[in-house]
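The model shown is predicted, which means the values in this text are computed figures rather than measured ones.
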Amino acid sequence: MEKKFDINKEGYSVRCLYYCGKDPKAVTDIVIATYGFGGNKENHATKKFAERITAKYKNFGVITFDWPCHGEDARNRMILSEFIEYYQMVIDHAVCDLGAERIYAYGTSLGGYITLLYLNEKGNPFTKIALRVPALHMYQNFANGISEDEWKTLRKGRDITRGFTRKIKMTQEFLDEVKAHDVYAMDFLDYADDIMIIAGSKDEYTSVEDIEEFCDNNVIEYEVIENADHPFTDPKLMDLAISKIIEFFGA
């Protein structure tokens with residue numbers, strides 16, 4: 001079953017998509033699935049994951065949602081703190097409105113970065129956390145794609161645009177926020193037992209070496225999928241990653 005809904009609270013409207021089996025009342029465990037920059041709640045990878053886990057475990061549901069300025073979201077300028085606000089509202093909805101006994105996090109790329117940032121700022125409400133190719137160097141990922149002319153535009157206080165189907169405004173203020181919140185330098189030792197990270201050996205944004213160092217420093221379990229790029233464009237490798245995450249959540 002798929003159902004769209006909005007969370008309207010504190011002046012925000014978070015556009016959500018909920019996946020579950022045939023009996024919504026059977027759901028006791030909810031995964032909050034987040035995706036990479038420029039994506040949206042209806043992306044194929046999240047849908048595939050949701051279909052697989054809800055078919056295997058009847059008590060699991062999955063919520064995904066549009067980040068600020070992504071998909072159908074009404075905002076037009078990114079503010080890093082609002083990403084955390086959206087995340088919190090979805091967590092609260094899963095627990096308070098849907099009655100989840102346990103919640104899980106599955107974050108990819110930007111979603112992995114925001115999940116780690118959430119843990120650092122708010123603590124850990126999740127039973128388990130799986131991150132696929134998390135953007136451990138989020139600022140550098142953005143900065144590497146900005147031309148000198150665009151830097152000049154930003155320094156003048158004007159926006160540049162990024163994104164795919166939807167053009168997203170990016171400001172110097174947002175980039176400064178991301179630069180100041182470097183998850184690679186943060187300590188996650190207190191949550192390490194509940195986290196698993198999946199890396200791609202051919203990830204062009206976050207190298208295997210950096211993920212290995214981050215995981216070793218924080219004693220986090222990780223696994224490298226050979227020949228996988230950042231978006232896991234090979235369907236067989238995506239299926240393998242999804243299988244490992246579902247196994248981790250269901251263990």
Side-chain angles (χ1 to χ4, degrees), residues 1-10 12-36 39-68 70-73 82-132 134 191 193-198 238 241-251:
M1 184 187 84
E2 299 180 25
K3 179 182 178 182
K4 285 186 175 182
F5 66 93
D6 297 344
I7 302 172
N8 298 305
K9 187 177 179 183
E10 299 175 7
Y12 298 113
S13 183
V14 185
R15 312 298 172 87
C16 303
L17 179 57
Y18 181 47
Y19 297 92
C20 66
K22 294 180 180 179
D23 182 9
K25 294 181 180 179
V27 174
T28 56
D29 298 61
I30 292 179
V31 181
I32 298 173
T34 54
Y35 49 84
N40 61 70
K41 65 182 179 298
E42 296 172 270
N43 72 83
H44 178 70
T46 301
K47 182 179 177 68
K48 179 181 282 191
F49 166 78
E51 289 174 345
R52 291 271 300 277
I53 196 168
T54 57
K56 183 167 185 176
Y57 298 115
K58 305 304 181 186
N59 62 313
F60 266 79
V62 177
I63 297 177
T64 184
F65 59 97
D66 285 326
W67 287 126
H70 288 63
E72 297 176 313
D73 184 69
E82 291 184 346
F83 285 73
I84 301 296
E85 290 288 342
Y86 277 34
Y87 216 145
Q88 186 64 64
M89 284 190 281
V90 175
I91 290 169
D92 292 344
H93 183 84
V95 174
C96 300
D97 296 289
L98 297 180
E101 297 174 13
R102 289 164 294 275
I103 54 173
Y104 303 73
Y106 168 31
T108 298
S109 193
L110 170 69
Y113 168 77
I114 298 295
T115 300
L116 290 169
L117 188 59
Y118 181 95
L119 294 176
N120 180 261
E121 294 188 5
K122 301 280 193 178
N124 184 20
F126 304 110
T127 298
K128 291 183 180 180
I129 300 155
L131 307 177
R132 180 168 60 81
Y191 314 125
D193 290 346
D194 302 321
I195 303 175
M196 178 185 72
I197 291 180
I198 291 181
M238 177 67 82
I242 288 173
S243 295
K244 291 181 180 297
I245 292 166
I246 292 174
E247 181 181 356
F248 178 65
F249 285 166

> Can you check side chain to side chain contact (heavy atoms under 4.5 Å, CB included) on K9 and D92, steps first, answer last?
Replying inline: CA-CA 11 Å; K9 187 177 179 183; D92 292 344; 3.9 Å; yes

Is [Y] close to [X] at the side-chain level, that is, under 4.5 Å between some pair of heavy atoms?
X    : Y    : result
V27  : Y18  : yes
E42  : L17  : yes
Y86  : V90  : no
Y12  : I7   : no
D29  : T127 : no
R132 : K244 : no
I246 : F60  : no

Nearest non-hydrogen partners of [X] and [Y], listed with the distance:
X    : Y    : value
Y57  : G250 : OH-CA, 3.6 Å
V62  : A33  : CG1-CB, 4.0 Å
G112 : P134 : CA-CB, 4.0 Å
H70  : Y35  : CB-OH, 3.8 Å
I63  : C16  : CG2-CB, 4.4 Å
G123 : Y191 : CA-OH, 3.4 Å

>> Going by the rule ring pair (Phe, Tyr, Trp, His ring centres under 6.0 Å), which residues pair with Y106 if we only count those two or more places apart in sequence or in a different chain?
In response: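 Testing Y106 for ring pair (Phe, Tyr, Trp, His ring centres under 6.0 Å), a comparison that skips the adjacent residues, returns F49.
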
Roughly how far, to the nearest 0.5 Å, is the [atom2] atom of [Y] from the [atom1] atom of [X]?
X    : Y    : atom1 : atom2 : value
L117 : K122 : CG    : NZ    : 10.5 Å
T54  : M1   : OG1   : CE    : 10.0 Å
S13  : M89  : OG    : CE    : 8.5 Å
T46  : F65  : OG1   : CZ    : 10.5 Å
L119 : D194 : CG    : CG    : 9.5 Å
I103 : L98  : CD1   : CG    : 11.0 Å

> Is the W67 ring parallel, tilted or perpendicular to the F83 ring (thresholds 30°, 60°)?
Replying inline: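 Tilted, since the angle between the ring planes falls between 30° and 60°.
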
> Mind checking whether F5 and H93 have parallel, tilted or perpendicular rings, split at 30° and 60°?
Replying inline: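 Parallel.
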
I'd like to check the salt bridge (Lys or Arg N to Asp or Glu O under 4.0 Å) partners of [X]; sequence neighbours left out, ordered by chain and number.
X    : answer
E72  : K4, K41
E101 : none
K48  : D239
E85  : none

>> Is there a side chain to side chain contact (heavy atoms under 4.5 Å, CB included) between Y19 and T64? Walk through the geometry before answering.
In response: CA-CA 9 Å; Y19 297 92; T64 184; 4.3 Å; yes

> Counting only N and O atoms by type, is there a donor-acceptor contact under 3.5 Å from the side chain of D6 to the main-chain atoms of N8?
Replying inline: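 Flag not set: sc D6 to bb N8 has no pair under 3.5 Å.
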
>> Going by side-chain contact (heavy atoms from CB on, under 4.5 Å), name the residues that satisfy it together with T115, two or more places apart in sequence or in a different chain.
In response: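 T115 satisfies side-chain contact (heavy atoms from CB on, under 4.5 Å) with T34, Y87, A105, I129, L131 once adjacent residues are dropped.
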
